[in-house]
Engineer: 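Please see the structure below; I have some questions.
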There are 2 protein chains.
Amino acid sequence: MRSYKQFCAIAKALDVIGDRWNLLIVRELLLQQPCRYTDLHKGLPGIATNLLAERLRDLEREGVVSREEAPPPIATAVFRLTPRGQELKAILLELGRWGAPLMTEPDEQDARRGHWLAVPISLLVSDRTPDQPPVAIELRTGEDVITVETGDGKVHPRLGAAEKPDLVLTGPPQLLVGVLTGQLNLTTARAGGLQTQGNAKVLRRFRPEPAELPGGAEPLDE
Amino acid sequence: MRSYKQFCAIAKALDVIGDRWNLLIVRELLLQQPCRYTDLHKGLPGIATNLLAERLRDLEREGVVSREEAPPPIATAVFRLTPRGQELKAILLELGRWGAPLMTEPDEQDARRGHWLAVPISLLVSDRTPDQPPVAIELRTGEDVITVETGDGKVHPRLGAAEKPDLVLTGPPQLLVGVLTGQLNLTTARAGGLQTQGNAKVLRRFRPEPAELPGGAEPLDE
DNA sequence: CAGCATCCGCTTTGATACTG
DNA sequence: CAGTATCAAAGCGGATGCTG
């Protein structure tokens, strides 16, 4: 936790959550809290185990993360975000929005986790016809299963299987995202290894979100 | 530029702007671009000069910053944000919003720069009576001068002196912010070293922004 | 002086091994 | 499972030197 020692709100924020891995730990907790230590470690490939332990102590001391000793039956602790930690969601969403265009060229070296898809999906896609009855799509990639539901104009991803999915898509992450955003048509995606099960027409419900923000030229207004 | 090697939008964003100092370099450019190397160095107390040079190269390569060789008269280069870099503004604003509550206890060790105040001011304060004629307040702290103008419901801070300020406030940063947000009354602030010049009644124009966000409990929706 | 590059001592990181 | 211990390598901050 090295401080920038600058009397500036942005610098103070970075003093707390700017260290390497910190924001990704928050990402994991946002996506699947409450979390055991091992769950976090699985969701953060590449982190050294001692670093994860140290970061969790730091974030706990700063009031971002809370550690609860689980009740007697289980001999383990679970981690959650405090309300203060929850407020980091806006930052994470903006980071995800800014980083989404960098996902075009999937590096073979990159680690993949299905639940990470929840970030771009809710940002990149919306419901084209909110009046129609709700729709559920199940995405399977590797061992991860996530469900995408829509019906109110927005798209809600969550971890876990759907009860009665209208459609099940199985395949590598970038194919799933490509099909949802409409950048890839089904024929191409199937040729690339996508498997579908159910009513593929429900994909028409999804519409890509406008990608670009205005990005005003004026320095720091609004 | 060490990569997390995770196929995730947030991780990809952090691969580019997550390294130490990077976001503060973007802050400086947002606040006062175009910028010479030396201007950046002044606005980033604590950075090693070689690191600043290296980071600027990195950010240029990533398409966030552009370097322009100035026309013949001046023998220096100026740095700007590219449009892609401008889009980081949303992230910086969210960071500033989250970090603002950490500014309560000013550390004597902290470096201060007047223009950093522009961040919390536009986030924390709004115009109480937009119908009234516009108002300009000049803030002086150390060697920095910033002007705060309002008149349309929002508050617009910018660097430099005001033409016809209704009020000039001189003093340490936390007093200036305290008076603007209404957390400090004038009598207390004057006792703490604030100097005022002009019509102090215009301070009634400012109203603190609602501080808290809802911070929903659901993981990553909206 | 502006705009770096080099060197040096220190800290942080990441990989691995080990423990209750 | 949930960490701690160890260690080589990389990164960082500070000082200094070089070039126009």
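To find a chain, count down the sequence lines: A is the first, B the second, and so on, and within it residues start at 1.
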Engineer: A:E54: what forms a side chain to side chain contact (heavy atoms under 4.5 Å, CB included) with it, not counting sequence neighbours?
Structural biologist: A:L51, A:R57, A:D58

Engineer: Taking only residues two or more places apart in sequence, or in another chain, which ones meet B:Q183 in a side chain to side chain contact (heavy atoms under 4.5 Å, CB included)?
Structural biologist: B:T181

Engineer: Output a table of nitrogen or oxygen pairs between the protein and nucleotides 5-12 of chain C separated by less than 3.5 Å.
Structural biologist:
residue: C:dA5; atom: OP2; partner: B:R57; partner atom: NH1; Å: 3.0

Engineer: With the side chain counted from C-beta on, respond yes when A:L44 and A:R27 share a heavy-atom pair under 4.5 Å apart, and no when they do not.
Structural biologist: yes

Engineer: Starting at atom CD of B:Q6, determine the distance to atom P of C:dG14, rounded to an integer number of angstrom.
Structural biologist: 11 Å

Engineer: Does B:R36 put a side-chain nitrogen or oxygen below 4.0 Å from OP1 or OP2 of C:dC4?
Structural biologist: no

Engineer: Can you measure A:H41 atom NE2 to C:dT16 atom P for me and round it to whole angstrom units?
Structural biologist: 12 Å

Engineer: According to salt bridge (charged side-chain N to carboxylate O under 4.0 Å, His left out), who are the partners of B:E62, at least two apart in sequence or on a separate chain?
Structural biologist: none

Engineer: Is there a salt bridge (charged side-chain N to carboxylate O under 4.0 Å, His left out) between B:D144 and B:R112 once you walk through the steps?
Structural biologist: CA-CA 10 Å; B:D144 294 297; B:R112 285 128 204 274; over 6 Å; no

Engineer: Whole Å only: how far is the CD1 atom of B:I47 from the P atom of D:dC12?
Structural biologist: 10 Å

Engineer: Is a side-chain donor-acceptor pair under 3.5 Å present for B:R140 with B:Q197?
Structural biologist: no

Engineer: How many whole angstroms separate atom CG of B:L52 from atom P of D:dC12?
Structural biologist: 13 Å

Engineer: Does any pair with a residue in residues 20-40 of chain B pass ring pair (Phe, Tyr, Trp, His ring centres under 6.0 Å), and if so which ones, sequence neighbours excluded?
Structural biologist: A:Y4-B:W21

Engineer: Could you give the CG-to-C1' distance, from B:D39 to C:dC1, as a whole number of Å?
Structural biologist: 13 Å

Engineer: So if I take residues 13-26 of chain B and measure heavy-atom distances to DNA chain C, which residues fall below 4.0 Å?
Structural biologist: none

Engineer: Using 0.5 Å steps for rounding, measure from the CD atom of B:E94 to the CG atom of A:L88.
Structural biologist: 10.0 Å

Engineer: Rounding to an integer number of Å, can you tell me how far B:R67 CZ sits from C:dC4 C1'?
Structural biologist: 10 Å

